Each structure stands twice: as C-alpha cells, then as structure tokens.
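These numbers were taken from a predicted model, which means no experiment stands behind them.
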Amino acid sequence: MWSSLNEWLWQERFWLPPNNSWTELEDRDGLVFAHPQDMLMALPLALALVAVRYVFEKFVGVPLSRLLGVRNQRKQPAKPNATLEKHFLSGGWKPTEPQMSLLATQCGLTLRQTQRWFQRRRNQERPCLTKKFCEASWRFTFYLCAFIGGVSVLYNESWLWAPVMCWESYPQQPLKPALYHWYLLELSFYISLLMTLPFDIKRKDFKEQVAHHVVTITLIMFSYSTNLLRIGSLVLLLHDSSDYLLEACKLFNYTHWRRVCDALFIIFSLVFFYTRLVLFPTQILYTTYYESIAQSGPFFGYYFFNALLMLLQLLHVFWSCLILRMIYHFMKKGQMEKDIRSDVEESDSSDGEVAQECLPLKNGAAHQPGAAPTDGPRIRATGQLAKGPPAAM
C-alpha cells in the first residue's frame, strides 16, 4: 500500500515538465543529480544545530551580553494568590474591568492591588533581555555565515545575474557539491527553528513565523526534490541578505546603542524593501510565472511552486507593514521604537493603570488611586456575584 501511494505521489506528470521523466535525473557519466532521499540528512543536522545553538548561547551569547552591558530589569514577584493565579492561567493575562472587580472582592483586595498583581505576574512571564540577546546573536551569526556562504557559492554562477538561466536545460541540471551542502544547511537551520519555536520568545507575529518556517521548509524540500535548485538558491540568498541586518539591529537595541541601532534599522529597511518588495516580485516571481514555462506547458508542480512563493510574498507584505509602522515612529520621535512584535514590561505605576483607576465609575462615584469604594451598586452587585446567583423567585 505504501509503495503504491509513493508511486502515485511521485508521478512525473505532477512534478516535472511535460515529456520529462525521473530516469533522466539518475546519476550517470560522473554527473550527480538531486534526489529526494538526500534531504533525510537534514533531520540529524537540525538536531546538531540545536545542540550547537545551546552551547553558543551559553558560552558566547551570555558572556557577550554581559560584556556589552545588557542588564535585565529587576522584576518584583507577585505575591502568591491561588485565586488570581488560577484566573491568570485559565482566564487570561489581562482581565476585563468587571472581572478585575470580582477578583478583588473575592480576594479581599483593592482594585489597585489586584491590577498591580496582574502586572507583576505578566512581567514574570516576559523574557529577560539576556535571553532576547542570546537568541538574536545566534540567528545573526547563522544568517551572516549563510549569506557569505551563499554569495561564495553563487557568485560565479550565471543564474545569479540572469534568473532566466535557471531554466536552461531544466530539469537536467547537475548538482554541485557546494550548492548541495549550502542548501542542506539552510534546510536544517529552518527545521531547527521550527523545533525550538515553542521554547523561544513568543512574539505577536508567532502565527506568521510558524507559517513562514513551514512554507520555507516546504519550498526548500520541493525545489530540491524537483531539481529547482537554481531558483531556490536565489530565493534563499535574497532572504539572507536582510535577515542578518535585522538581528544586528536587535542586538544593538538590547545594548542601548541607539545611534548604531537607528542607522542599522534604516539600512535594514532599505535592503528589506528592495529585496522583498522589488527584486522578489520582479525577478523571482516573474521568472517562475512566465519564463519557467516558455519552453513547456504548465503542470501541477508549476502551480504548486508558485502558490508557495506567493504565500511567501504575502508574508513579506505583512512584515513590510510592521516595518513601516516602526519607520513612522522613528520619524515622529527621532529614534527607533521598540520592536512592535514584542511585549514590554509594565511598571507598577503604569500611566494606563492610574488613568483607569481615576475614571469615574458608572454610578457617578470615583475613588482615588490606592483606595477602593466601600459602597455603591457596582460593589453590591460584585459582592452578590461572588456569593453566587440569587435564588429563584
């Protein structure tokens, strides 16, 4: 049954241009071609990269963060409270105002004390600057090495300068060892990122990050299996050209080197917009949509590959919008705003909290910060809810 399914899945009419077969991609006369089973080496290599990352962050990232003056904010722990802890874990990190009032009554606390407890509890869950620095330093190191390696592998290749050459004699294009090793390393790295994503700092674009990693891994595996290595290598190099700049910008942001961070942010933005919003659609998407089928008709693999590339472009547009928001804050305030994908720690005397407490209640009464009203319709209703629903008449 498995062999039948495998045979059906890898039908030539699905993945290769018309009038081509898998037998043409068998190794012969000293020529080596890409084979799907080669990608199995990526799994143990991904595990090895996870181990290397752990060693790197512990023995390089942490000492480097101390050397550059990265200091973690002191977090005042929330006092143990079973009721509030239960709501924090099951009901959400940020209760609504009615929920906050109900919890305050149940615990015998003022509204201000309950709000402060949730603020401190949220801060406990947020990662420290050292962890952020270590993660960014690892990704910076890999992306920079991958970009330099990609340039050295592709610099003398014709298709780097003329993407239309990606389709010359396709699919009968021999595999070069340097391209294979670079491709395998990139695939292993993205698999390792997907493996460690649940343990890494969770940002606001977590779902988009998962989608990006899944699409990237699928593209790498599919392009290798169908010998689309030339166009696949251009996509990888295009992404690596700006990724290391982003991570470098984060590193200087964590070390509070504002001017260097601001300068790198401008450079990163220019490179990102040019590579993702100009080169990618005009060079990569154009050649895969039009020039790839100039000598043959479309087939299923053509539609599948272009659909994945279009998903990648949509993610580019999404992140471009985030960058534009950061540029807006940069132009408005004269320095780069915090990473809008990250949460920031809250102060015990947050302006938002004080403003919320100083607002008049719906019954017209108001209470000062630090004091709770002792009577009124809302408090009486809250006390009744805490005791349970009223008996049926």
Side-chain angles (χ1 to χ4, degrees), residues 1-29 31-50 166-167 169-177 179-198 206-236 239 284-285 287-289 292-293 295-315:
M1 180 178 177
W2 173 254
S3 60
S4 300
L5 178 62
N6 189 57
E7 184 178 351
W8 174 84
L9 180 62
W10 291 102
Q11 292 184 66
E12 296 160 348
R13 62 188 181 92
F14 286 164
W15 310 114
L16 295 179
N19 304 319
N20 287 274
S21 64
W22 294 115
T23 56
E24 298 173 354
L25 301 181
E26 294 296 332
D27 300 343
R28 63 181 184 277
D29 302 329
L31 299 178
V32 178
F33 294 89
H35 302 289
Q37 58 268 25
D38 298 340
M39 293 287 93
L40 294 176
M41 279 298 299
L43 293 176
L45 188 54
L47 293 174
L49 283 176
V50 173
C166 291
W167 316 109
S169 303
Y170 177 77
Q172 301 179 40
Q173 298 170 345
L175 175 63
K176 297 185 177 181
L179 183 57
Y180 164 72
H181 291 109
W182 180 59
Y183 226 73
L184 184 65
L185 186 63
E186 291 272 11
L187 175 60
S188 303
F189 178 71
Y190 281 104
I191 293 177
S192 71
L193 285 184
L194 196 61
M195 293 168 59
T196 58
L197 202 57
F206 177 79
K207 294 180 180 179
E208 288 78 11
Q209 284 285 350
V210 173
H212 175 268
H213 294 339
V214 171
V215 170
T216 302
I217 292 171
T218 306
L219 273 171
I220 295 175
M221 296 183 66
F222 172 77
S223 60
Y224 187 91
S225 301
T226 55
N227 211 26
L228 287 166
L229 288 166
R230 292 186 178 184
I231 190 64
S233 63
L234 294 184
V235 174
L236 287 175
H239 284 72
I284 303 299
L285 291 181
T287 193
T288 56
Y289 268 90
S292 65
I293 55 173
Q295 305 298 327
S296 62
F299 55 102
F300 177 78
Y302 162 83
Y303 295 112
F304 182 74
F305 188 61
N306 280 287
L308 291 176
L309 290 175
M310 185 54 67
L311 283 176
L312 207 56
Q313 181 61 16
L314 291 176
L315 290 171

Determine whether a donor-acceptor pair (N or O, by modelled atom type, separation under 3.5 Å) exists between the side chain of Gln295 and the backbone of Ser169. no
Taking the side chain as every heavy atom from C-beta outward, state whether Arg230 and Leu234 have any pair of such atoms under 4.5 Å apart. no
Walk me through it: do Leu228 and Phe222 pass the test side-chain contact (heavy atoms from CB on, under 4.5 Å)? CA-CA 8 Å; Leu228 287 166; Phe222 172 77; 3.8 Å; yes
Using modelled atom types and a 3.5 Å cut-off, is there a donor and acceptor pairing between side-chain atoms of Glu208 and backbone atoms of Leu315? no
Nearest heavy-atom approach of Asn227 to Tyr170 is O-CE1, 3.3 Å
Phe304 vs Trp15 aromatic rings, parallel, tilted or perpendicular, using cut-offs 30° and 60°? perpendicular
Quick one: are Asp27 and His35 in side-chain contact, heavy atoms under 4.5 Å? yes
For residues Leu31 and Gln172, determine if any side-chain heavy atom of one lies less than 4.5 Å from a side-chain heavy atom of the other. no
Looking at side-chain heavy atoms only, is the closest gap between Leu236 and Ile220 below 4.5 Å? yes
Closest non-hydrogen contact found for Leu308 with Val215 is O-CG1, 3.7 Å
Return the minimal non-hydrogen interatomic distance between Ile191 and Ala46, and the atom names on each side. CG2-CB, 3.7 Å
Over all atoms of both residues, closest heavy-atom pair of His212 and Thr216: O-OG1, 2.7 Å
Rounded to the nearest 0.5 Å, how far apart are CZ of Phe189 and CG of Leu49? 8.0 Å
Main-chain N/O of Trp22 paired with Trp10 side-chain donor or acceptor, under 3.5 Å: no
Calculate, to the nearest 0.5 Å, the distance between atoms CD and OG1 belonging to Glu12 and Thr226 respectively. 13.5 Å
What's the spacing between Ser192 OG and Leu47 CG if we round to 0.5 Å? 9.0 Å
State the CD1-CG distance between Ile284 and Leu312, to the nearest 0.5 angstrom. 10.5 Å
Are side-chain heavy atoms of Leu219 and Phe305 found at a separation under 4.5 Å? yes
Does a donor on one side chain and an acceptor on the other come within less than 3.5 Å for Trp167 and Thr287? yes
Rounded distance (nearest 0.5 Å) linking atom CD1 of Ile293 with atom OG1 of Thr288: 10.0 Å
Locate the shortest heavy-atom distance separating Tyr289 from Met310; write the atom from each residue and the value. OH-CE, 3.7 Å
Please walk me through it: do Gln209 and Leu193 pass side-chain contact (heavy atoms from CB on, under 4.5 Å)? CA-CA 10 Å; Gln209 284 285 350; Leu193 285 184; over 6 Å; no
The reported gap from OG in Ser21 to CD in Gln11 (rounded to nearest 0.5 angstrom) is 13.5 Å
Residues Val32, Lys176; criterion side-chain contact (heavy atoms from CB on, under 4.5 Å); working and verdict: CA-CA 8 Å; Val32 178; Lys176 297 185 177 181; over 6 Å; no
So, for Arg28 and Phe33, which heavy atoms are closest and what is the spacing to 0.1 Å? NH1-CE1, 3.6 Å
Take Glu24 and Leu16 through the test side-chain contact (heavy atoms from CB on, under 4.5 Å) and record every step on the way to the result. CA-CA 11 Å; Glu24 298 173 354; Leu16 295 179; over 6 Å; no
Could you tell me whether the side chains of Asp38 and Tyr224 share a donor-acceptor contact shorter than 3.5 Å? yes
Take atom CE in Met221; do more than 12 heavy atoms of anything else shown fall under 6.0 Å from it? no
Have Tyr302 and Ser296 got a donor and an acceptor in their side chains that come within less than 3.5 Å? no
Taking side chain as C-beta onward, heavy atoms only, is Leu197 less than 4.5 Å from Phe206? yes
